[in-house]
Amino acid sequence: MDTAPHSLIQQYLSTLRTQRKLSAHTTENYGRDLQELHSLLSTSANPAIDDGALDFRKTSQVQIRKCAAQLHARGLNARSISRKLSAWRGFFAWLSMEIELKANPVDGVKPPKKSKPLPKALAADDAIRLVSQGNPGKDPSSTMAACNRAMFELLYSSGLRVSELATIDIADTREGAYESAGWIDQENAEVTVTGKGDKKRKVPVGQAALQAIADWLPIRASLVKADAGPDRHALFLTERGTRMSARVTQLRLKIHGQALGMASDVHPHMLRHSFASHVLQSSGDLRAVQEMLGHASITATQVYTALDFQRLAQVYDQAHPRAKKNGPK
């Protein structure tokens, strides 16, 4: 068998066409991936190169890892690198049946982890406009307008999950088998909630949210029904006097954002992301943000450092005279 690299690649592609009956398009893709492997191995300091000629038989796992790392450094995404590794693995598996190989050098080489999309956060001005402005198409003095503003202000002020917001009572209540999972403490400007893992935490509440809640409380008092059971303790009530659900809060925020012409499809978790990003931008205190969000691990909070850098990069691109926002001239 001719063991020259290009010859081996062509023999393998022929096998794919004739024995595995792969389509011409798929075979071409395999060919490109293998030619790229040849190029990567040929341009690196490679012990598999003897007298200027590449020998696939001497390719090591270390070399394959370096090739994958080069692709990653070029900006290739994890899915594409995974596909190339699969093509290379198949080639060396075939090669091991044709000639003697110590091992398949691609075995055990994993692609980089797929990057998770960054959570969407609003700019500070947009977040403030969303929670402070009333729906232009509705009466600002209506019962639910006051409730909506208090809910939205509290979500952004304290970075709460919408599920946590739905459990907040007007005070810490213990009544028979009922026990408050969360409550507002206006005097100390803080809210207590029960997060994941049934862990309680206290989070500060800003003055804007406290004022919105104070405006809502007289209206809330008129909605409370004595026969409503535990719902009568809820901080946020519907017009029927029942506890405001997480789902209804989500729908109300979405409709509110649309009425204000917000570019994004806003939802409660976006306000939580905005809270975390804006507090981190101002303070730089990752641990404090972790505690306020109720994250068990600092790793979950570190995503907001990426959001912060994203904002800094945008400012740089817009402001620095040598930024590449307009490309080379």
Side-chain angles (χ1 to χ4, degrees), residues 116-166 168 191 203-217 219-220 223 235-240 243-282 289 292-293 303-319 323 325-326:
K116 295 181 179 180
L118 291 175
K120 292 183 179 179
L122 295 167
D125 289 345
D126 288 337
I128 293 171
R129 183 165 72 93
L130 178 67
V131 302
S132 65
Q133 290 190 9
N135 188 322
K138 294 186 177 181
D139 182 1
S141 63
S142 68
T143 299
M144 287 297 103
C147 181
N148 286 350
R149 180 172 181 183
M151 290 192 301
F152 302 161
E153 284 277 12
L154 185 54
L155 281 170
Y156 177 50
S157 174
S158 303
L160 304 182
R161 300 179 177 93
V162 68
S163 58
E164 295 168 345
L165 183 85
I168 297 173
V191 61
V203 188
V205 180
Q207 286 302 313
L210 289 172
Q211 184 59 56
I213 292 170
D215 294 341
W216 156 246
L217 288 180
I219 301 172
R220 175 199 173 277
L223 298 174
L235 176 59
F236 299 113
L237 298 172
T238 67
E239 290 171 306
R240 297 190 301 276
R243 184 182 292 273
M244 186 72 67
S245 70
R247 179 57 179 160
V248 171
T249 305
Q250 289 173 338
L251 291 173
R252 289 189 176 197
L253 184 60
K254 180 177 181 178
I255 292 170
H256 183 66
Q258 291 172 340
L260 292 179
M262 304 294 288
S264 301
D265 185 11
V266 296
H267 50 82
H269 225 62
M270 185 178 287
L271 284 177
R272 178 171 161 88
H273 294 322
S274 302
F275 159 85
S277 179
H278 300 161
V279 172
L280 185 61
Q281 287 171 12
S282 299
V289 173
M292 287 188 280
L293 290 176
V303 66
Y304 297 107
T305 61
L307 283 175
D308 191 31
F309 179 79
Q310 199 173 53
R311 182 189 71 85
L312 293 174
Q314 290 172 351
V315 170
Y316 178 88
D317 286 343
Q318 293 168 3
K325 56 187 177 182
N326 296 320

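Just so you know, residue 1 is the first one in the sequence shown, and it goes up from there.
Residues Val266 and Asp126 are not in side-chain contact: their nearest non-hydrogen atoms beyond the backbone lie 4.5 Å or more apart. Side-chain atoms of Met262 and Leu122, non-hydrogen and from C-beta on, do get closer than 4.5 Å to each other. The shortest distance between side-chain heavy atoms of Leu293 and Phe275 falls below 4.5 Å. Side-chain contact between Leu165 and Leu155 is present, with at least one heavy-atom pair separated by less than 4.5 Å.
Between the OG atom in Ser158 and the CD atom in Glu164 there is a gap of 10.0 Å [rounded to 0.5 Å]. Considering OG of Ser141 and CD1 of Ile219, their distance stands at 8.5 Å, rounded to 0.5 Å. Between atom CZ of residue Phe236 and atom CZ of residue Arg220 there is a gap of 10.0 Å, rounded to the nearest 0.5 Å. Summarising the geometry, atom CG belonging to Leu253 is positioned 5.5 Å from atom CG belonging to Leu130; distances are rounded to the nearest 0.5 Å. Separation of atoms CD1 (Ile168) and CZ (Arg243) is listed at 9.5 Å; rounding is to 0.5 Å. Note: Leu210 CG to Ser157 OG = 7.0 Å, rounded to the nearest 0.5 Å.
Gln211 is linked by a side-chain hydrogen bond (donor to acceptor under 3.5 Å, both in side chains) to Asp215, counting only residues two or more places apart in sequence or in another chain. In this view, Thr238 and Thr242 satisfy the side-chain hydrogen bond (donor to acceptor under 3.5 Å, both in side chains) rule, not counting sequence neighbours. Listed by chain and residue number, Lys254 satisfy the side chain to side chain contact (heavy atoms under 4.5 Å, CB included) test with Asp265 (two or more places apart in sequence, or in another chain). Here Gln250 pairs with Arg247 under the side-chain hydrogen bond (donor to acceptor under 3.5 Å, both in side chains) rule; sequence neighbours left out.
Residues Ala121 and Ser277 come closest through the heavy atom pair CB-CB, 4.3 Å. The heavy-atom pair separating Arg252 from Met151 by the smallest distance is CD-CE, 4.3 Å. Scanning all heavy atoms of the two residues, the minimum distance from Met144 to Leu237 falls at CE-O, 3.6 Å.
A donor-acceptor contact shorter than 3.5 Å links the side chain of Arg129 to the backbone of Leu260. For the pair Ser132 (side chain) and Ile128 (backbone), a donor-acceptor distance under 3.5 Å is present. Arg272 places no side-chain N or O within 3.5 Å of a backbone atom of Leu160 that could act as its donor or acceptor partner. The backbone N or O of Leu235 sits less than 3.5 Å from a side-chain atom of Trp216, completing a donor-acceptor pair.
Applying the salt bridge (charged side-chain N to carboxylate O under 4.0 Å, His left out) test to residues at least two apart or on different chains, the pairs with a partner in residues 131-153 are Arg149-Glu153. Applying the ring pair (Phe, Tyr, Trp, His ring centres under 6.0 Å) test to every pair with at least one member in residues 139-160, sequence neighbours left out, gives these pairs: Phe152-His256, Tyr156-His278.
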